[in-house]
Amino acid sequence: MAGLLVGLAAPVASAAVVQVSATVETAPIHGSGDAADDPAIWIHPTDPSKSTIIGTDKSTDGRGLVVYDLSGRELFYYPDGRMNNVDVRYNFPLGSSRVGLVGASNRARSLDFYKVNESDRSLTKVGSFAPTANIATPRGFSFYHSPDTGKYFAYVTDIGKVEQWELDGSTGSVTGRLVRSWTVSGPAHTEGLVADDEMKRLYIAQEDIGGIWRYGAEPGDSTAGTRVASTTENGGDIVQDIKGISIYYGSGGAGYLLAASQGSNRFHAYARDDNRPLGAFAIPAGNGIDAVTGMDGVDVTNFGVGGPFPQGFFVTQDTANDGGQRQNFKAVPWQSIAAAYTPALLVDAAYDPRKIGAGTPTPQPPDTTITSKPANPTSSTSAQFSFTSTSTSATFTCSLDSAAFANCISPVSSTGLSSGAHTFQVRAGDQNGADPTPASYTWTVATTPPAGDTTPPETTITSGPPATSTSTSASFALTSSEANSTFQCSLDGGPRVACTSPQTYTGLSTGSHTFGVWATDAAGNTDATAATQTWSVSPSGPGGGSGIVRESVSQATNTAAGTTLTIPKPANVAQGDLLVSCLSLNGGSIATTGAPAGWTRLAAVTTIANPKVYGYYKVATASESASYSWTTTSTTSGGGIARYSGAAGLDTAATSASGAATSSGTVPAVTSTTAKAMLVGCMSVNSGSASLTPPAGMAQAVEAGARRFEVADGIQVNAGPSGAKTWTSSAAREWAGWLVALRPKTP
């Protein structure tokens, strides 16, 4: 559990109570007086727009469950008893079938269960049993599905007494076996319940001057709880009584615990990972719907159900309906709530509650992607392809022009190609089999130059090393004003040689160097004036004598949303090199299990909505893969890897910071314990166009424009505090960054 929580952070909200009006309200409940109590959301298995809201009626004259569609129209009414709280789970094994299961606490001293009939969304009762005599009036109710055992449980509470029942549907009817019971300390009244099926937690809302208690949800867990939220009488942030509570699920453990404050007519959000308070929202009158006051139960889903709720919604009981009508339930689009906070709360539709209990999916062969390829058409008789796959352990086989597939490693080059069409194919394979649909690319080599073209192209160096670098390697990105151009490169006045972009040099000597490049178009016209860049190499750094040298870098960007970010291995990685990576995400997240094998997280800066920035490191082995893939939530993203020789590892823990839109971002100092440590920092801004300038004393190693971030480094001569490091941006943008020190190897 502790490992799951590292670095998972929800945005920190402002202290102000934000106002968000409902857009849908249900038909009034059947009972009079204090009748409506708790809603639950059921999501249709194939058509989310046919999802329903299931509400309870605890009155003596209403007595039952009501099913509403997403417009609030009543579909079904079941007058089966004084139903108090209600919950839903999916894929419950009932007889020989898997069903959506609805459970409710019945004040007539029973727990009642229904299956959802998907064809018309009606309910059929499939079981009922009584808790022990300790539960005088069943009030709070929640399901829990164990990710460890796959078992389903029901929790029920009343006046501080809590019972956990293991459910069994093998006979076609739901029965229960008591597996745990305890009493919540402090004020007696308890009702609101919710279980987190991923983090294996149970939350219980304690009324009066209590708070919210957290327990382990497994039957063998301790019954000693932790109070994670307190009422204002106990120095907390929430006004009594605390009523309904619910979980907003986000990918990788992100999300929120939501709680209703009946005494203040507000709803509070707490971070799902560490339960820190993030502020509150209220539901005033608007959109022709009255305000929500005196509320009891709540529910929320992150899952998009179309119609009025394309990105999920929040639903709550409302005690005082307008026009003197009986009570009902009000619903608010989740994206409206999230956008009202500053910074915005998470909107993440990746978690699908319908997968609860569905079992482990059948492993699938990896999918293969070609990441770089020649132009089409091209005059070049050479071609180079880079490729990756969805499996970090995959190997590859390649085929050119229908030849037999043979083992290959990215990148693959072919020379001496004939004029005409060519087809390259590549297929990834791992323990789950080979990709059944190889990635394929067809292009044409046209060696005959176009007639009448006598104008030479213009050559441009689009990226290169900084003016002063600590690295003995340098890489240059090249472009030409004419498509299908080829290049010739020269280093330090040496002969011109054919080259491609990027052109990389290693093992450079200390001192000044000059790089030149000339483009030649398809008609044979060569740029008469080279594009040049001069820089100096000072690998010992400003203090001299440091053994840490930045040797090479690599980078990649996903300009379209995706769930995998693959960064190629930097050039010439040797055993013992220290690899440091920075990843910048446009609002997504990376779970603790989302890093490639061997990489350790050093920073996760996730306190604002965009960008979110992560840092990782690893010591290179004798055999490194050609690329490294991180698993993210679906988002645009970018990342870079810097390779350092002479580094023994991290000298100190990383610091990090983030902030609202401004033209500079400052990361707190790190304190190195050794002289001549290498400071490495990463800064990202919420922009694809702003340029970044590194802090004084640090040189740019990587800067990517499609997902704007920069990695910079520099030697710190003496041990001790580095001082805060400030990056400047050409435009005011939200920002996030981290800083770490690398320890030099002992001679």
Side chain proximity check, [X] to [Y], heavy atoms < 4.5 angstrom:
X: M295; Y: D318; result: no
X: K612; Y: I590; result: no
X: K115; Y: N117; result: yes
X: S146; Y: E218; result: yes
X: R272; Y: E198; result: yes

Over 60° means perpendicular and under 30° means parallel, so tell me whether W165 and F129 are parallel, tilted or perpendicular.
tilted

Students often mix this up, so state it plainly: with edges at 30° and 60°, are the rings of H268 and Y270 parallel, tilted or perpendicular?
parallel

Considering only NZ, NE, NH1 and NH2 on the basic side and carboxylate oxygens on the acidic side, decide whether D197 and R89 come within less than 4.0 Å.
yes

Would K125 and D112 pass as an ion pair if we require N to O under 4.0 Å?
yes

Under the criterion side-chain contact (heavy atoms from CB on, under 4.5 Å), which of R139, Q206, E207 is the partner of T190?
Q206

Whether over 12 other heavy atoms sit under 6.0 Å from K50 NZ:
no

Stepwise salt bridge (charged side-chain N to carboxylate O under 4.0 Å, His left out) check, K243 with D241
CA-CA 6 Å; K243 302 297 286 187; D241 287 342; 5.3 Å; no

I'd like to know if the side chain of N287 and the backbone of I289 have a donor-acceptor N/O pair within less than 3.5 Å.
no

Closer than 3.5 angstrom, by distance alone: can the side chain of Y215 be matched with the main-chain N or O of D221 as a donor-acceptor pair?
no

How long is the span from the [atom1] atom in [X] to the [atom2] atom in [Y], to the nearest 0.5 Å?
X: Y155; Y: L111; atom1: OH; atom2: CG; result: 13.5 Å
X: I283; Y: D290; atom1: CD1; atom2: CG; result: 10.5 Å
X: Y144; Y: D87; atom1: OH; atom2: CG; result: 13.5 Å
X: I245; Y: S142; atom1: CD1; atom2: OG; result: 8.0 Å
X: I53; Y: K330; atom1: CD1; atom2: NZ; result: 11.5 Å

For [X] against [Y], the heavy-atom pair lying closest together:
X: T635; Y: G587; answer: OG1-N, 4.1 Å
X: G252; Y: A591; answer: CA-CB, 3.8 Å
X: S246; Y: V194; answer: CA-CG2, 3.9 Å
X: N85; Y: D38; answer: CA-OD2, 3.6 Å
X: F329; Y: V315; answer: CB-CG2, 4.1 Å
X: D37; Y: D296; answer: O-CB, 3.3 Å

If you take the centroid of each ring, where Trp contributes its six-membered ring, are Y249 and F303 closer together than 6.0 Å?
no

Aromatic centroids of F143 and F92 separated by under 6.0 Å
no

Report the C-alpha separation of K151 and E166 in whole Å, then their side-chain angles, then the decisive distance to 0.1 Å, and conclude whether the salt bridge (charged side-chain N to carboxylate O under 4.0 Å, His left out) test is met.
CA-CA 7 Å; K151 294 179 179 180; E166 181 181 325; 3.7 Å; yes

For D57 and Y77, which I'm curious about, is there any donor-acceptor pair between the side chains at under 3.5 Å?
no

